[in-house]
A.B. asks: 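Pasting a structure below so you can have a look.
Fair warning: this is a prediction, and the values are worked out from it, not measured in the lab. Chain letters run A, B, ... following the sequence lines, proteins first and then strands; every chain starts at 1.
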Number of protein chains: 2
Amino acid sequence: MSCSLSNQEKILHLLKGLNNQISPKFERCTGISASRYELLHQLYETEEINQSNLQKAVNIDSGAITRHLKQLEANGMVTRRRNPTDNRVIFVRLTSEGRKRIVGYQKEKMSFVNQMLHDFNPEELESLLDMLKRMQNNISEY
Amino acid sequence: MSCSLSNQEKILHLLKGLNNQISPKFERCTGISASRYELLHQLYETEEINQSNLQKAVNIDSGAITRHLKQLEANGMVTRRRNPTDNRVIFVRLTSEGRKRIVGYQKEKMSFVNQMLHDFNPEELESLLDMLKRMQNNISEY
DNA sequence: CTATATTTGTTGATGGGTCAATCATTGTTT
DNA sequence: AAACAATGATTGACCCATCAACAAATATAG
């Protein structure tokens, strides 16, 4: 990119490019997409959860949540059942197969993220975390 | 996301979530997608350029470059012509209409990015830039 | 009790990226 | 000159997100 860009513009450009690199490399490294991984990870930590809360945790569209879960269900990684006391709600849980598979994904994911941040010290990690949160907060208000 | 995540994992989650927020909001704010904007901006700064160099500047797949340019061409924003001395190469330039429109996009884009980073001081901007570059470099080697 | 509002989840359409295969053209090697 | 390699661009397939519309169920207001 041209030198005529401000730092703010460069930051935007880098965020976009970084994400475009992360997506396919994460999937190649771990064998699963980032959103699928997050869904499974959330289910690993919570015995059972409804789709609405999963959606809030993973932070993507509810339509996308449904599609992911349907495919994970077809793959035998999760099960879904309707809440008998509120038929709007669908509960989701990991199958034992899913519980087994998440362990390998976690290792690969840690490997990937540690590589990405291998030369960051703890202060930098805290600082980066803070800045990312602030940016997210700043554009939430848009 | 659960408190059981390390800072590295939180950073990855935030990067992903941030980008998912930036994409639609950038487009809503400016009226054009981020990649289209970058393509047009690159053409604004260079009288004429081939697609291969555009692809390097904007950092997306050459197939995506072709698709974007074909639509921009259909919209009357750019023109494309084959290099008479090397028939593999296609040159692209902004039309006068495109040149006119980019100005408005630039203003809106600056508005968007200034909002996103409104509470960052110059040291933080430099620091963030440096960290994003290092992450990009770290995963390039993956 | 009825009407209205809200919530949860589903589906279709769309846009944007990657991956891979392909074609045409040019460059390099033998 | 011919064979092979590399380059630039195109296209198809696929994945993933958003947006919007919708249906069913529950909650709330009157």
Side-chain angles (χ1 to χ4, degrees), chain A residues 13 15-39 49-75 78 80-92 139 142, chain B residues 13 15-40 48-75 78 80-92 139 142:
Chain A
H13 177 71
L15 278 170
K16 177 176 174 300
L18 190 58
N19 196 78
N20 284 350
Q21 278 202 69
I22 288 173
S23 294
K25 290 190 177 189
F26 181 96
E27 178 148 12
R28 221 164 16 243
C29 173
T30 61
I32 193 168
S33 71
S35 291
R36 296 258 175 118
Y37 172 84
E38 286 189 19
L39 287 167
I49 183 175
N50 69 355
Q51 287 191 200
S52 172
N53 286 339
L54 259 184
Q55 191 263 316
K56 289 189 185 76
V58 177
N59 217 10
I60 58 177
D61 190 65
S62 62
I65 295 291
T66 299
R67 280 188 256 267
H68 281 309
L69 290 178
K70 284 196 163 190
Q71 284 207 316
L72 289 169
E73 187 178 34
N75 290 340
V78 308
R80 300 192 307 147
R81 73 183 178 97
R82 201 164 285 276
N83 178 3
T85 64
D86 186 339
N87 273 2
R88 291 173 298 179
V89 169
I90 294 201
F91 288 134
V92 194
I139 69 174
Y142 225 71
Chain B
H13 176 72
L15 279 170
K16 177 176 174 298
L18 191 56
N19 196 81
N20 285 350
Q21 278 203 68
I22 287 173
S23 294
K25 290 189 179 193
F26 181 96
E27 177 147 12
R28 218 158 26 239
C29 172
T30 61
I32 194 168
S33 71
S35 291
R36 296 255 174 120
Y37 173 84
E38 285 190 19
L39 286 167
L40 294 179
E48 194 169 53
I49 181 173
N50 68 355
Q51 288 191 199
S52 170
N53 286 339
L54 258 185
Q55 191 261 316
K56 289 186 185 81
V58 178
N59 218 13
I60 59 178
D61 189 67
S62 63
I65 294 289
T66 297
R67 281 188 256 267
H68 280 308
L69 290 179
K70 284 194 161 193
Q71 284 206 315
L72 290 168
E73 187 178 35
N75 290 343
V78 307
R80 300 194 305 148
R81 74 183 177 97
R82 202 165 284 275
N83 178 3
T85 64
D86 186 338
N87 274 4
R88 293 172 296 181
V89 169
I90 293 200
F91 287 134
V92 194
I139 68 175
Y142 225 69

A.B. asks: How close or far is atom C1' of dC16(D) from atom CG of L72(A), stated in whole angstroms?
C.D. replies: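 The distance from CG of L72(A) to C1' of dC16(D) comes to 13 Å, rounded to the nearest Å.
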A.B. asks: Can you measure N87(A) atom CG to dT26(D) atom C1' for me and round it to whole angstrom units?
C.D. replies: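 My rounded result for the distance is 10 Å.
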A.B. asks: Would you list the pairs meeting ring-ring contact (aromatic ring centres under 6.0 Å, His included) in which at least one residue belongs to residues 20-39 of chain A, sequence neighbours left out?
C.D. replies: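 For residues 20-39 of chain A: F26(A)-F112(A), Y37(A)-H41(A).
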A.B. asks: For N83(A), give me all partners under side-chain contact (heavy atoms from CB on, under 4.5 Å), at least two apart in sequence or on another chain.
C.D. replies: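 T85(A), D86(A), V89(A), F91(A).
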A.B. asks: Listed by chain and number, what are the side-chain contact (heavy atoms from CB on, under 4.5 Å) partners of I90(A), not counting sequence neighbours?
C.D. replies: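 Testing I90(A) for side-chain contact (heavy atoms from CB on, under 4.5 Å), a comparison that skips the adjacent residues, returns Q51(A), R80(A), R82(A).
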A.B. asks: Any N/O pairs under 3.5 Å between the protein and nucleotides 7-10 of chain D? List them or say none.
C.D. replies:
unit_1, atom_1, unit_2, atom_2, d
dG8(D), O3', R88(B), O, 3.3
dA9(D), OP1, Q51(B), N, 3.2
dA9(D), OP1, I90(B), N, 2.7
dA9(D), OP1, I90(B), O, 3.1
dA9(D), OP2, S52(B), N, 2.5
dT10(D), OP1, R80(B), NH1, 2.7
dT10(D), OP1, R80(B), NH2, 3.2
dT10(D), OP2, Q51(B), OE1, 3.4
dT10(D), OP2, Q51(B), NE2, 2.9
dT10(D), OP2, T66(B), OG1, 2.5
dT10(D), OP2, R80(B), NH1, 3.3

A.B. asks: A side-chain contact here means heavy atoms from C-beta on lying under 4.5 Å apart; do L40(B) and V78(B) qualify?
C.D. replies: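 The answer is yes, as the side chains (C-beta and beyond) meet within the 4.5 Å cut-off.
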A.B. asks: Does H68(A) place a side-chain N or O at less than 4.0 Å from the phosphate oxygens OP1/OP2 of dC15(D)?
C.D. replies: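 Negative; the distance criterion is not met.
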A.B. asks: For residues 48-60 of chain B, which residue pairs pass the salt bridge (charged side-chain N to carboxylate O under 4.0 Å, His left out) check, not counting sequence neighbours?
C.D. replies: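 Output for this query lists E48(B)-R81(B), E48(B)-R93(B).
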A.B. asks: My understanding is that only residues two or more places apart in sequence, or in another chain, count here; which of them pass salt bridge (charged side-chain N to carboxylate O under 4.0 Å, His left out) with R28(A)?
C.D. replies: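 For R28(A) there are no salt bridge (charged side-chain N to carboxylate O under 4.0 Å, His left out) partners, ignoring immediate neighbours.
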A.B. asks: Who are the side-chain hydrogen bond (donor to acceptor under 3.5 Å, both in side chains) partners of N53(B), not counting sequence neighbours?
C.D. replies: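 Partners of N53(B) by the side-chain hydrogen bond (donor to acceptor under 3.5 Å, both in side chains) criterion, ordered by chain and then number, come out as N50(B).
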A.B. asks: Residues in side-chain contact (heavy atoms from CB on, under 4.5 Å) with N20(B), at least two apart?
C.D. replies: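 Expected list: I60(A), K16(B).
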A.B. asks: Rounded to whole Å, please give me the gap between CG in L69(A) and C1' in dT8(C).
C.D. replies: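 Interatomic distance, CG of L69(A) to C1' of dT8(C): 13 Å.
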A.B. asks: Which part of the nucleic acid, if any, lies within contact of D61(B), taking any heavy atom under 4.0 Å across all strands shown: a base, the sugar-phosphate backbone alone, or nothing?
C.D. replies: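 The answer is base, as D61(B) lies within the cut-off (heavy atoms under 4.0 Å) of a base atom.
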A.B. asks: Figure out the CG/P separation between N83(A) and dT7(C), and round it to whole Å.
C.D. replies: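 Distance check: N83(A) CG to dT7(C) P gives 17 Å.
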A.B. asks: In residues 15-29 of chain A, what residues come within less than 4.0 Å of DNA chain D, judged by heavy atoms?
C.D. replies: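 Those residues whose heavy atoms fall under 4.0 Å from DNA chain D, taken from residues 15-29 of chain A, amount to none.
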